[in-house]
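Everything on this sheet refers to the single structure shown next.
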Amino acid sequence: MYHLPFRAFSASLNPFIRARRFASTMSAVSQFRPVVISGPSGTGKSTLLGRLFKEFPDKFGFSISHTTRQPRAGEQDCREYYFVTKEAFLDLVAADGFIEHAQFGGNHYGTSVQAVKNIAEKERICILDIEMEGVKQVKKTDLNARFLFLAPPSLEELEKRLRGRGTETEDSLAKRLAQAKNELEFAKLPGSHEKIVVNDDVEKAYTELRDWVVDGGRFGA
Ligand SMILES: Nc1ncnc2c1ncn2[C@@H]1O[C@H](COP(=O)(O)OP(=O)(O)OP(=O)(O)O)[C@@H](O)[C@H]1O
């Protein structure tokens with residue numbers, strides 16, 4: 001199987017390939033700037049992104065994650081996931097190659113910086129739907145990203161939406177609301193995001209988000 005970390009490693013052995021690859025990914029992310037959408041769980045990110053992808057089916061993409069779990073029937077390497085060994089995964093962690101990574105059920109999962117660049121190389125805008133810690137990590141990279149924060153009208157309304165979605169237990173609800181407070185505090189810091197959209201009325205919020213992302217057809221470039 002052909003793994004991304006191996007490809008990245010083998011390219012790094014040859015300075016010419018490395019320089020060429022660096023130049024091409026740099027120009028790709030300057031032209032196709034990734035967009036980071038963050039905001040508390042339940043604030044409506046999936047709802048608005050679903051609409052954006054429907055309106056612009058060929059413009060955007062999600063990065064492919066890495067995982068150390070085994071592929072399931074029908075899953076393909078480099079399509080659903082980059083399926084890697086635990087050793088390759090930990091090497092990439094050590095090389096600071098991940099924007100975020102976590103462990104679930106004994107397997108590792110992560111979003112690599114290179115996976116985001118790969119979307120730009122396909123001439124699409126990579127959308128990253130991530131939490132505050134991920135936002136901080138993206139800011140440390142050369143991804144040239146733009147940052148939008150989707151805010152709920154209030155914490156009370158956020159709780160109502162999370163309850164209405166029917167996906168939470170009392171325990172997970174309390175955790176999400178506590179994390180929401182942290183996210184809202186972070187969003188108040190100057191420079192944390194370039195654009196804040198309050199998802200009060202869904203039509204209004206969608207128009208505001210779309211117009212900022214599309215930026216008159218320039219997509220921030
Ligand atoms: N403007 C709105 N007014 C009322 N309800 C909304 C609005 N936007 C989204 N919702 C509803 O709020 C709930 C949470 O929305 P959604 O699942 O899109 O949030 P999310 O930010 O993607 O959450 P997570 O980060 O947990 O995936 C959904 O049931 C959705 O239908």
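Both ligands and their constituent atoms are indexed starting at 1 by order of listing. What you see is a predicted model, and the numbers here were worked out from it, not measured in a lab. Quick note: residue numbers are just sequence positions, from 1.
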task: May I ask you to check whether Phe89 and Phe98 place their ring centers less than 6.0 Å from one another?
output: yes
- request: Would you mind listing the cluster partners of Phe62? Hydrophobic ones only (ILVMFWY), side-chain contacts under 4.5 Å, chaining allowed.
  value: Phe32, Val35, Ile37, Leu48, Leu49, Leu52, Phe53, Phe56, Phe60, Ile125, Ile127, Leu148, Leu150, Val197, Val202, Tyr206, Leu209, Trp212, Val213, Val214, Phe219
- line: Residues joined to Ile119 in its hydrophobic cluster, side chain to side chain under 4.5 Å directly or through other members, sorted by chain and number, are none
query: Contact residues of ligand 1 with a heavy-atom cut-off of under 4.0 Å?
result: Pro40, Ser41, Gly42, Thr43, Gly44, Lys45, Ser46, Thr47, Arg161, Arg165, Arg176, Asn199, Asp200, Val202
task: With Lys139 as the cation and Phe147 as the aromatic partner, state whether NZ or CZ is under 6.0 Å from the six-membered ring centre and within 45° of the axis.
output: yes
message: Salt bridge check, Asp171 against Lys175: does any charged N sit closer than 4.0 Å to a carboxylate O?
response: yes
task: Sequence neighbours left out, what passes side chain to side chain contact (heavy atoms under 4.5 Å, CB included) with Asp96? Give chain and number order.
output: none
